[in-house]
Amino acid sequence: MGHLGIIGGSGFAALPGVETVHRQWVDTAYGVPSAELLTLRYAGRQFYFLPRHGAGHSIPPHAINYRANVQALADLGVTDVIALGAVGGIAADCAPTRLCVPDQLIDYTWGRLGTFHDGADGDVVHVDFTAPLAPMLRGRLLAAAAGLGMDVRAGGTYGVTQGPRLETAAEIRRLERDGCDLVGMTALPEAALARERGLHYALLAFVVNWAAGKADGEVTMAEIEANLARCADAVRPLLLAVVAGS
Ligand code: HPA
């Protein structure tokens, strides 16, 4: 097994109940990551944890230094990245509180620094991205969920929007026509950068609201926050099971 790193999304600035062994700022060639890298220990296994939006959830999706985050994990020797992400549900079976391990991504973001190979290093590099989310790591997540008797959706397409605003109902209809089951704001360029650095990367997405127009009325922050708390209670034991089995 490789070295595991977890990127925490909304609702996951830390992993309560897990021993913190070390915390460090990692200065990379691409700047500093969103927060201190935590070295955590659970069931005798050490792993790294990085809250994507900063320790106090202060960095919006479009302003995250994704390159520094991925590079910091790579610099520490991480080989396997499990990224958490709050998402909106588009498909009928992606209701709020559903957990999902997607297998595909579509990029609707713009203006983000999405590559390590931007020409400055004198290299033109086109990584294969046919299967953007690592099958082996996805399998570990799904096996751990099955072991806990948890119902986790295996597969699905996650559309990545720019944010920070939520989508219009028409935008969600378009994403649905494109084949998106879920919508979130952070899986790209994160997954692509991980691929460029040769890291295995999988997503554990949790649905915190029906995407715009999929339920009556507006999407409210109150609804999102209530579902975030419910999802966190389900995601935590799943993550710990993956760690314990790593
Ligand atoms: N859209 C985009 N990103 C999200 C949503 C949404 O509805 N919910 C949580 N993250």
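Both ligands and their constituent atoms are indexed starting at 1 by order of listing.
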**Q.** Intermediate values then yes/no, salt bridge (charged side-chain N to carboxylate O under 4.0 Å, His left out), D118 and R67
**A.** CA-CA 12 Å; D118 54 8; R67 297 201 300 183; 3.2 Å; yes
**Q.** Any residue meeting side-chain contact (heavy atoms from CB on, under 4.5 Å) with V124, in chain and number order, not counting sequence neighbours
**A.** H126
Q | Those residues that, when tested against L76, pass side-chain contact (heavy atoms from CB on, under 4.5 Å) (two or more places apart) | A |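 L76: side-chain contact (heavy atoms from CB on, under 4.5 Å) contacts with Q24, V26, L37, Y48.
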**Q.** Residue pairs, two or more places apart or on separate chains, that pass ring pair (Phe, Tyr, Trp, His ring centres under 6.0 Å) and touch residues 191-234
**A.**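 As it turns out, the ring pair (Phe, Tyr, Trp, His ring centres under 6.0 Å) pairs with a partner in residues 191-234, which skip direct neighbours, are F12-F206.
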(Q) I'd like to know if V160 and L182 are part of one continuous hydrophobic network [Ile/Leu/Val/Met/Phe/Trp/Tyr, side-chain heavy atoms within less than 4.5 Å]. (A) yes
Report each N/O pair between ligand 1 and the protein that falls under 3.5 Å, naming both atoms.
residue, atom, partner, partner atom, Å
ligand 1, 1 (N), E167, OE1, 2.7
ligand 1, 1 (N), E167, OE2, 3.3
ligand 1, 7 (O), N209, ND2, 3.0
ligand 1, 8 (N), G88, N, 3.3
ligand 1, 8 (N), N209, OD1, 2.6
ligand 1, 10 (N), A86, O, 3.3

(Q) Working to the nearest 0.5 angstrom, can you tell me the gap between I64 CD1 and H53 NE2? (A)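 Interatomic distance, I64 CD1 to H53 NE2, rounded to 0.5 Å: 4.5 Å.
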